[in-house]
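Below, read A as the first sequence line, B as the second, and so on, with proteins coming before strands; counting in each chain starts at 1.
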2 protein chains.
Amino acid sequence: MSLREKKKEETKTRLLAAARSAFAERGYAAAKTSDVAKAVGIAEGTLFNYFPTKAELFLAAMLPPPSELPETPASPPGQDPAGWAAAAAAIVDANLRGLAEMEKPLQREFMSLFYGGRPKEIAGLTAFDRRLADRIGAFFAKRKEALPAELRTFDAALATECVCGLTLAAYSVFLMDDARSYPEMLNELRRQFEFVLSGHVPDGR
Amino acid sequence: MSLREKKKEETKTRLLAAARSAFAERGYAAAKTSDVAKAVGIAEGTLFNYFPTKAELFLAAMLPPPSELPETPASPPGQDPAGWAAAAAAIVDANLRGLAEMEKPLQREFMSLFYGGRPKEIAGLTAFDRRLADRIGAFFAKRKEALPAELRTFDAALATECVCGLTLAAYSVFLMDDARSYPEMLNELRRQFEFVLSGHVPDGR
């Protein structure tokens, strides 16, 4: 990495840290990109070279960078519905944890913009959705290869749709209900994934 | 029905019609319950005897009354995953159609309030969610009874969770994407339900 690239990486890291503080302190709408830029000692226009929109800055600040995400869980799951479900839930966890650990009101504020029909926020969240779908899709495709030949009709695309849909729904309910904890949400999802996958994955325990 | 009850029913019907116009014309936030009451010639306080909150008035205006909902689809589905899935999708359709036929911006505005952390709107939507879950739950419980004895371990509660979760997610995506039609959404859900149910329901075609 050249000195120039290194300096850019440093600026990015400092921008993300400043953004996390600003959003946590002031909420999404009230936090200003100009203040985030000022805290790091750069112009607002320079900030937009790093993050084209406030929504992208928010998501980048809240979510782990793609490089830190495990593509598939470290320990290979068993070839049974429960093992696949646990592995899929672990991927959901790795992708969602950063966001889910923020204060719920901040997460709700951001999600409400999604419904506010604001194209930039929608694009940001769609990219986030797609990222999760890519990870889950890659996982199922890989697991499918390891199945016995007669089971390779497994529909990885439909399994991905179901897992991502259930995740979106569970996350919405988690956001609405202040009493629901993140581990509870994950545990419920794992049970649902197992229900969805049984009948498609051999029970090879 | 007494004359008094009849008159109350009439007032309710007129309130719902006035509410539908007001919400469609002005949006959720800008529509006023006082104007709806005035259009029907009653006091605002009287309106709240019929519908305790604006959110409940909105949902009542947008959704078919429970009495008009088919509890289970008219034609009994086959005892196979595709039949069950089609029947579950028909129940979703019956419950959601009134809302889904409104202009998407109005639906989005209402859903964004859900994320706005406003307890009354959340309570209204939770009641709506519960209504769908009750219908789907009753359907699965009934179908389960008709299964051969060895298959009566079918987990109707978990199937209901999955169907309702996938519906919430598909509806969110439908709202976000102006290009997505309601029939497309239903069709996708039917395919997902079939994927979820196979392995739990015998393929008895």
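Residues forming a ring-ring contact (aromatic ring centres under 6.0 Å, His included) with B/Phe58 (at least two apart in sequence, or on another chain): B/Phe23, B/Tyr28, B/Phe110. Scanning for side chain to side chain donor-acceptor pair (under 3.5 Å) contacts around A/Asn187 gives A/Arg190, with sequence neighbours left out.
Per-residue counts of heavy-atom pairs under 4.5 Å with chain A were compared for B/Pro105, B/Ala159, B/Cys164; the largest is that of B/Ala159.
Taking a 6.0 Å sphere around CD of B/Glu103, one finds it holds 12 or fewer heavy atoms contributed by other residues, nucleotides or ligands. A/Lys12 NZ: 12 or fewer foreign heavy atoms inside a 6.0 Å radius.
Residue-level contacts of residues 167-174 of chain B with chain A, in order of numbering, are B/Leu168, B/Ala169, B/Ser172, B/Val173; threshold 4.5 Å between heavy atoms.
In this structure, chain B has a heavy atom under 4.5 Å from the side chain of A/Phe154, while its backbone stays farther away. Heavy atoms closer than 4.5 Å to chain B are found nowhere in A/Asp177, neither backbone nor side chain.
At distances below 3.5 Å, not a single donor-acceptor pair connects side-chain atoms of B/His200 with backbone N or O atoms of A/Val196.
Closest of all the heavy-atom pairs between B/Leu166 and A/Glu161 is CD2-O, 4.5 Å.
Between B/Leu158 and the options A/Gln192, A/Glu194, A/Glu188, a side chain to side chain contact (heavy atoms under 4.5 Å, CB included) holds for only A/Gln192.
Summarising the geometry, atom CG belonging to B/Asp129 is positioned 10.5 Å from atom CE belonging to A/Met176; distances are rounded to the nearest 0.5 Å.
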Distance-only donor-acceptor hits, side chain of residues 32-43 of chain B, under 3.5 Å, sequence neighbours excluded:
residue, atom, partner, partner atom, Å
B/Thr33, OG1, B/Glu44, OE2, 2.6
B/Asp35, OD2, B/Arg26, NH1, 3.2

